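Read the structure below first, then the notes.
Keep in mind that this is a model prediction, so the values were computed, not measured. Values below: every heavy atom of this structure, side chains too, minus hydrogens, waters and symmetry copies.
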Amino acid sequence: QVQLVESGGGLVQAGGSLRLSCAYSGNVDSYATGWFRQAPGKEHEFVAAISWAGVSTYYRDSVKGRFTISRDAAKNTVYLLMNNLKAEDTGVYYCGVTLAGALRVGRHQEYEYWGQGTQVTVSS
């Protein structure tokens with residue numbers, strides 16, 4: 001069955017960079033892949049998503065220009081490159097997959113499978 005494994009999190013200073021990886025296996029053909037994050041005591045927050053073919057990408061406004069989502073289909077991996085990190089980016093980052101279209105990829109409930117999460121901590 002479908003499995004997703006996040007990696008690449010860590011502790012960085014504000015202004016630094018991290019690249020998260022979401023390695024997936026199983027049949028997720030046609031699924032979009034999204035990244036959500038959750039700060040302590042907060043709701044899951046949409047970060048970015050990419051379509052199956054990699055043609056379409058989506059970002060929340062607060063990360064536009066700083067984060068880049070990409071897909072390497074040959075490696076079955078989706079990446080989230082996070083530049084100029086801010087303390088507000090701190091949280092557990094999860095990747096998930098969904099068959100939802102563009103209007104729904106930002107909705108947490110639309111995702112069918114999730115990874116275990118990777119912690120990102122940005123110190124100020």
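Residue pairs that meet the ring-ring contact (aromatic ring centres under 6.0 Å, His included) test with at least one member in residues 55-86, sequence neighbours left out, do not exist here.
Remark: L85 CG to S123 OG distance equals 10.0 Å, nearest 0.5 Å. Here OG1 of T98 is found 8.0 Å from OH of Y31. Values are rounded to the nearest 0.5 Å. Here the CZ-NZ distance, from R37 to K42, works out to 12.0 Å after rounding to the nearest 0.5 Å. The structure places CG of D89 at 10.0 Å from CG of L18, a figure rounded to the nearest 0.5 Å. Atom-to-atom distance recorded for K75:NZ and S21:OG is 9.0 Å, nearest 0.5 angstrom. With rounding to the nearest 0.5 angstrom, the OG1 atom of T77 is 12.5 Å from the CG atom of L20.
Checking side-chain atoms of R66 against main-chain N and O of N84 turns up a donor-acceptor pair under 3.5 Å. A donor-acceptor distance shorter than 3.5 angstrom exists from the side chain of T90 to the backbone of V122, with no hydrogens or angles considered. For E6 (side chain) and C95 (main-chain N/O), a donor-acceptor pair under 3.5 Å exists by modelled atom type. Not one N or O on the side chain of R19 forms a donor-acceptor pair closer than 3.5 Å with the backbone of G8.
Between V47 and Y93 the shortest side-chain heavy-atom distance falls below 4.5 Å. Contact of the S17 side chain with the N83 side chain is registered, since non-hydrogen atoms from C-beta on lie closer than 4.5 Å. At a threshold of 4.5 Å between non-hydrogen side-chain atoms, the residues W52 and D29 count as touching.
Residues V105 and V2 fall into different hydrophobic clusters, defined by Ile, Leu, Val, Met, Phe, Trp and Tyr side chains chained together at heavy-atom separations under 4.5 Å. If you chain together hydrophobic residues whose side chains sit under 4.5 Å apart, V120 and V78 fall into the same group. Hydrophobic clustering (side-chain heavy atoms under 4.5 Å, transitive across Ile, Leu, Val, Met, Phe, Trp, Tyr) groups V92 together with F46. In the hydrophobic clustering of ILVMFWY residues, with side-chain heavy atoms under 4.5 Å counting as a link, Y111 and Y113 come out apart.
Considering all non-hydrogen atoms of both residues, S124 and A87 come closest at CB-CB, 4.2 Å. Of all heavy-atom pairs between L80 and A48, the closest is CD1-CB, 4.0 Å.
The aromatic rings of Y94 and W114 sit perpendicular, their planes meeting at an angle over 60°, well past the 30° parallel limit.
Not less than 6.0 angstrom separates the ring centroid of F36 from the ring centroid of H44.
Enclosure of atom CD in Q116 by more than 12 non-hydrogen atoms of other residues, nucleotides or ligands within 6.0 angstrom is indicated.
Side-chain atoms of T33 and R71 include a donor-acceptor pair closer than 3.5 Å.
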